[in-house]
Enquirer: 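Just passing along the structure, written as structure tokens.
On a predicted model such as this, the values are computed, not experimentally measured, just so you know.
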Amino acid sequence: MALKSIREAINDCLREEMARDPRVVILGEDVCGGLGGSSGIEEAAGGTFGVTAGLAKQFGRARVIDTPITESAIIGAAAGAALTGLRPVAELMFIDFLGVCFDQILNQIAKFRYMFGGRAKTPLVIRTMIGAGVGAGPQHSQSLYAMLASIPGIKVALPSNAYDAKGLLAQAIRDDDPVVFCEHKALYNEQCEVPDGPYTLPFGEANVTRRGNHVTVVAFSRMVLLANQAADKLAREGISVEVIDPRTISPLDTDSIIESVEKTGRLVVVDEATPMCGMASEIVSAIASEAFECLQAPPVKVTAPHTPVPATPHLEAEYVPSREKIERAIRKVLGKTAERAAS
Amino acid sequence: MALKSIREAINDCLREEMARDPRVVILGEDVCGGLGGSSGIEEAAGGTFGVTAGLAKQFGRARVIDTPITESAIIGAAAGAALTGLRPVAELMFIDFLGVCFDQILNQIAKFRYMFGGRAKTPLVIRTMIGAGVGAGPQHSQSLYAMLASIPGIKVALPSNAYDAKGLLAQAIRDDDPVVFCEHKALYNEQCEVPDGPYTLPFGEANVTRRGNHVTVVAFSRMVLLANQAADKLAREGISVEVIDPRTISPLDTDSIIESVEKTGRLVVVDEATPMCGMASEIVSAIASEAFECLQAPPVKVTAPHTPVPATPHLEAEYVPSREKIERAIRKVLGKTAERAAS
Amino acid sequence: MTIERETLLEAYRRMRAIREFEERMRREVQAGTVPGFVHLYCGQEAIAVGACMHLGDADYVGSTHRGHGHCIAKGCDIGDMLLEIYCKQGGLCNGKGGSMHIADLRKGMLGANAIVGANPPIAVGAALTAKTLGTKNLALAFIGDGASNQGTVFEALNLASILKLPMIFLYENNGYAEFTGISYHLGGGDIAKRAGAFGMPATQVDGTDFFAVYEALGAAVARARAGEGPSAVEAVAMRWYGHYEGDMQTYRADGEVDRLRASSDPLLRFTERVTREHGITREELERIDAEVRAQLDVDVDAAKAAPQPPREALFTDVYVSY
Amino acid sequence: MTIERETLLEAYRRMRAIREFEERMRREVQAGTVPGFVHLYCGQEAIAVGACMHLGDADYVGSTHRGHGHCIAKGCDIGDMLLEIYCKQGGLCNGKGGSMHIADLRKGMLGANAIVGANPPIAVGAALTAKTLGTKNLALAFIGDGASNQGTVFEALNLASILKLPMIFLYENNGYAEFTGISYHLGGGDIAKRAGAFGMPATQVDGTDFFAVYEALGAAVARARAGEGPSAVEAVAMRWYGHYEGDMQTYRADGEVDRLRASSDPLLRFTERVTREHGITREELERIDAEVRAQLDVDVDAAKAAPQPPREALFTDVYVSY
Ligand SMILES: Cc1ncc(C[n+]2csc(CCOP(=O)(O)OP(=O)(O)O)c2C)c(N)n1
Ligand SMILES: Cc1ncc(C[n+]2csc(CCOP(=O)(O)OP(=O)(O)O)c2C)c(N)n1
Ligand SMILES: [Mg+2]
Ligand SMILES: [Mg+2]
């Protein structure tokens, strides 16, 4: 056990899995960095955010492969490599770059197994970065994971802490299905206790980060932290909030959410993504259809607005769901009960 | 007024709008066809499905532009042309090809206006083909419009009949925002009465195709036809079904759906697309949040399964929601009431 | 370059198998027995076979929507291909892929692909596997003249070039992309030159001449196996039939195809040369023709008679586990 | 090719404006006053200015993430640019785009773009507008050496070539794509050759030599206006600073930039030549320097003092109507 940041946890996991399995290779832009540079340095980047630092040195450039700016070829090559015996971990620097490699995910990687009648496996991971909050602007701040979750054949992981990040990434790398692993750019330095050595966390098992009885709050990635903060704050008023972090959105652990709503009768879903056809709508819809009888109040979505992410810092702060907005949503869904609980 | 197929209605509309406005140009693969061929024929295709037939002859190849196989450049060029004064109608042959041009839609076209602080307009239309049912296989049969509807800045139209197709396309072409216009490949020959001459239909106004009191069925594109058939059949049993065709999914006329559910208390959503993060979930979620009190039963989704579209004809038939499945869903949401109504 | 007699006979068998297969498919499509869309390979047989005669099962091939010829040349079982085209249980994709998605990884067939330009990056990935695992295997992507304009193809060229991968870009210039001719759609007009600009050998050959294709690919394969990096070859051979079977082909001048058949039928050219220069007799070849035809009849009947996949197949094989 | 005295003075003013602007931005970023990420153009001034001196407001330019120099060269108001970089109300994008999205359609600036390789197809569309409306205008796309590997760029080359559009592909080879050198990332090693293979004139010039760039672009512009189709120019000029301001640049040898500054500062080279050959005095140029600096101070102060967009701005301008 040691205190590790999400960045360190991911780096440890990649190192351990590469040591464990020679078929694991990493490819992406500047995953090492410095090739063709005039200083001849061994590693100039280790990933734009330092997540792959030191791996090229340890495993060599044949397994930590810097590519040109060529996302279609990066993801396409990962697809072909996975079909033929490697277990590639491809880096898509920002999830916003989905647009320049989407066919390989949508029509190739996701469909090989089905199209080929179950006679192919595509064991690859696409590591990518999501989220607003750092002033990266409209084309570098999106949270497009719902589009990926909607694609049959793709699995999607959204870790919210270092422990989950390490275990889910190990599972993703060992998984025989293609997985998109979404790292929130504002969470890389978030720390928690992480076991030494390899371990995996199963997909499709939500993590209940707070136990509570009055309302169920489902949140993803960075929103889990804000939901927990809101829960702490409201606890002081006697409002008991259960917070659920699905951890993977495909597969999605609907059962745990239903179980919780059966207890609380109230649902708030917090998602940093835009509201239309996102995970918030998906979960509200699933609960409305499958746990209708337990719902004592209309479910509430807390999401970003139906707008691009502005570059403007104070507008971006307004754009992302805040602890305050989550609190307000919880009070709203509790209605009178809130006051009763409070008194 | 004359009986026209959807194919004819779209062709008429394109002809009328090009005649009306010299800034309207068409570009895509084989929208004319025959260039560089040995026969020297004037038009070899008029669109892979004949939708743009005769337009090159009438307006010239300078305004009906055949392109290489180059979707990123087709959509990107349409974007740049729209920013600078044209009103392009770009053809993306199948919506499945989103993957090879998605960045231009997701990060460029959709965001120009916002990113540029309201100082740009991007008046373009992307005509594309959706839907299963013709044995086109996993990469030519998808219904990916929810991904597009989820993107702030994009509008999406889903006509289900020739009258709507003509009016919605005219609106799309005259609209100052980018519109994706989704044509169902199995509906091109569907006929209805269509007025001669240009007319537009407003976006965001649903069409109630059947009036009814027991249950509200929301359906899109080809599913509207099946929903109407199911409604007809059930009417004979005394079950009164209201069928709503939103016609555009962004903007979405939620009010009309709420109004209907306030009357019926019951909701079924029928969508040919896959179930996760699709329009069915979006509408169930919206109603659960905004019309919770009127709901007398859990809303029911009728969608394709979370799988690719199989090439296998009988499995594809099983894949697409059928009239029977819609009927079953309606009976389910009505529960006891169904028998009561029937008796 | 001398070629073994057995090699020539096997090459002939595969070309004949493709020809018979496609002619039969054509008739079957016209008779309405085949589901989906079918894109025929007739006229291009010498390209796939001239290339695949150099390859083993452990070498990978990325195919296109016009993939029947590629599959047969690469050694896929014709009976299992037919089961797939008829979308039957036990087909190469258990009936769920159909004509445009035939794959057979055991034979190194990475799959036909209905997205134009998608297969070269995938094949590059297979080449990366070969290089990473240190095998002497290679990967080859078939690329149409129309596909050669797709951005993904250029990205594949560049990545294969800088990583020095054992990769071959085999362009099939058959004159048309759907209903549009290459003289319109191809900027610069020279596919090989565009590929060569990425720093790899790139040559153009007559795709109706088996020997020309075989020789050009021999060099590319040797280079790949020697770890010297990728190559590109543009093979020119017009297609005989429509873009898909049913295409009216109004874009083609009358008689264009008749002239092609008369002047540059890959099988006729092959037959003339091997009977003239390699002491192979017409009788030997006719025996092969007969065997191929007989087996094809059996396989087509079997495919038609085979059971469809069960209803549950709709829901299976989306994931390995979920 | 003779160049008017006024043209040279204006070119110098723009290059100086870019240099001063970027050096000031660098200090401001280091002081922490600038939101977001900033990619500086120092060292490449002669490219944007050598090109844009040929263009009018009705000609279009598609820019990149490293767009400040392009905007200034194209005539965008520096005060309004600064308002945008500081994300303030009244900025060129009303503060919602920031440094990586500065656009100014009235000046023909189609926008900086944070997606590498996205701008060439967009610029091709602007060229299509010019051709369709029959104006004599043209469009130009700036393309980095790293961007030159992106598939979208090749698609743009091909489409512009076959449609004979009034389009210029101006490659800026500054030696690096992020932290990776061109000798690694560019297959074939010759950007201009790759572009030329699409059937257009393609030349390489020294991007630190204003006169070389100006002359090469003069030919490309003349060709475009004459309706003869697209051209490509590769201008080589190393960037002086990091990929973004803050980049440690461990991939660069010590002294690499000092040598560049000493040997090939575009402004020094320009100054020497115009004072030697065009009877322009250092005093004249220094007067321009002083004017540029004074105005920049005013503009930066104004930008810092300007109000932020109102909270409602978050929700506006997603659509024209919805
Ligand atoms: C990305 C994409 N765009 C368009 C199509 C439609 N399409 C299928 S085949 C084809 C023509 C391909 O031409 P070419 O590459 O020369 O191959 P050929 O058909 O001649 O064998 C087109 C445009 C597609 N399937 N995928
Ligand atoms: C599609 C895409 N891939 C990757 C990036 C990340 N990125 C931003 S700038 C850059 C390097 C661009 O290099 P080059 O084109 O040479 O332009 P320069 O920075 O040298 O001006 C990269 C990789 C991006 N913004 N978009
Ligand atoms: Mg072709
Ligand atoms: Mg560069």
Enquirer: Look only at the side chain of D:Y319 and the backbone of B:I154, and say whether a donor-acceptor pair between them is shorter than 3.5 Å.
Expert: yes
Enquirer: Near D:K304 NZ, under 6.0 Å, is it more than 12 heavy atoms from other residues, nucleotides or ligands?
Expert: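 Enclosed: over 12 neighbouring heavy atoms sit under 6.0 Å from NZ of D:K304.
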Enquirer: Sort by residue number and list every member of residues 103-114 of chain B having a non-hydrogen atom under 4.5 Å from chain D.
Expert: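 The list, in residue order, reads B:D103, B:Q104, B:N107, B:Q108, B:F112, B:R113, B:Y114.
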Enquirer: So for D:N113, is it side chain, backbone, both, or neither that comes closer than 4.5 Å to the heavy atoms of chain B?
Expert: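 It is the side chain, since no backbone atom gets that close.
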Enquirer: Side chains of D:L159 and B:I74, heavy atoms from C-beta outward: is any pair under 4.5 Å?
Expert: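 D:L159 does not reach B:I74 side chain to side chain.
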Enquirer: Which one, D:V124, D:D104, D:T132, D:T152, leads in non-hydrogen pairs under 4.5 Å with chain B?
Expert: D:T132
Enquirer: Are the side chains of B:K155 and D:Y322 in contact, using a 4.5 Å heavy-atom criterion?
Expert: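 The answer is yes, as the side chains (C-beta and beyond) meet within the 4.5 Å cut-off.
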Enquirer: Are B:S72 and D:F154 side-chain neighbours, meaning at least one heavy-atom pair lies under 4.5 Å?
Expert: no
Enquirer: Quick one: closest heavy-atom pair of D:T129 and B:G80, and the distance?
Expert: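 Between these two residues, the closest heavy atoms are OG1-O, 4.3 Å.
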Enquirer: Any non-hydrogen side-chain atom of B:D176 less than 4.5 Å from a side-chain atom of D:S321?
Expert: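 No. Closest side-chain heavy atoms not under 4.5 Å.
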Enquirer: Would you say that D:V320 contacts B:D175 through its side chain, given a criterion of any heavy-atom pair below 4.5 Å between the two side chains?
Expert: no
Enquirer: Side chain from CB out, backbone as N, CA, C, O: work out which of these in B:I151 comes under 4.5 Å of a heavy atom of chain D, or both, or neither.
Expert: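 Looking at B:I151, just its backbone touches chain D.
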Enquirer: Using a 4.5 angstrom heavy-atom cutoff, name the option from D:G111, D:G108, D:A118 with the most pairs to chain B.
Expert: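 Sorted descending by pairs with chain B, the first entry is D:A118.
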